[in-house]
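First up is the structure itself, then whatever we jot down about it.
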Amino acid sequence: GPSAGVAVAAALGSLFTGRPCRADTAATGEVTLTGRVLPVGGIKEKVLAAYSAGLSRVVLPAANRKDTADVPPTIRASVDLVFVDDLFRALEEVLEPMPPQCSMHS
């Protein structure tokens with residue numbers, strides 16, 4: 001469904017850039033054609049699922065910040081919740097950093 005937009009875009013971004021997705025991070029959010037990340041439902045359930053799977057970070061739409069109040073405090077304290085408004089920021093949070101470039105010159 002639409003809430004998989006950030007995750008699908010991250011998979012495609014990983015494929016095109018060669019940057020792997022972070023193994024400790026889950027992501028959700030609807031993505032518009034202009035790259036805005038829109039709110040989705042089921043935030044509590046998504047954060048709990050990420051926690052249960054052993055993930056330590058969840059990238060969420062900024063507009064869903066208020067919905068995290070439903071997540072039990074012990075879980076909120078154990079998971080880093082990262083809020084994003086646009087796809088470019090989401091990709092920076094989900095993808096591993098670019099490796100340093102090798103220089104053939106000494």
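Because the structure is a prediction, the values reported are computed rather than measured.
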Exactly one of Leu81, Leu91, Thr25 clears side chain to side chain contact (heavy atoms under 4.5 Å, CB included) with Val59, and that residue is Thr25

Residue pairs involving residues 20-31 (criterion salt bridge (charged side-chain N to carboxylate O under 4.0 Å, His left out); sequence neighbours excluded) = Arg22-Asp24

Hydrophobic cluster membership, Val58 vs Leu48, 4.5 Å side-chain cutoff | yes

Taking atom OH of Tyr51 and atom OG1 of Thr74, what is their separation to the nearest 0.5 Å?
-> 6.5 Å

Quick one: list whatever passes side-chain hydrogen bond (donor to acceptor under 3.5 Å, both in side chains) with Ser78, sequence neighbours left out.
-> none

Judged by atom type as modelled, is there a donor-acceptor pair below 3.5 Å linking the side chain of Ser14 to the main-chain atoms of Ala10?
-> no

Contacts of type side-chain contact (heavy atoms from CB on, under 4.5 Å), residue Val37, not counting sequence neighbours | Val6, Pro61, Val84

Who passes side-chain contact (heavy atoms from CB on, under 4.5 Å) against Ala62, sequence neighbours left out?
-> Phe83, Asp85

Listed once per pair and sorted, the salt bridge (charged side-chain N to carboxylate O under 4.0 Å, His left out) pairs that draw on residues 66-77, sequence neighbours left out = none

What salt bridge (charged side-chain N to carboxylate O under 4.0 Å, His left out) pairs are there with at least one residue in residues 41-64, not counting sequence neighbours?
-> Arg57-Asp80, Arg57-Glu93

Work out which heavy atom in Gly5 is nearest to a heavy atom in Val31; give both atom names and the distance.
-> C-CG2, 3.6 Å

How long is the span from the OG atom in Ser3 to the CD1 atom in Ile43, to the nearest 0.5 Å?
-> 8.5 Å

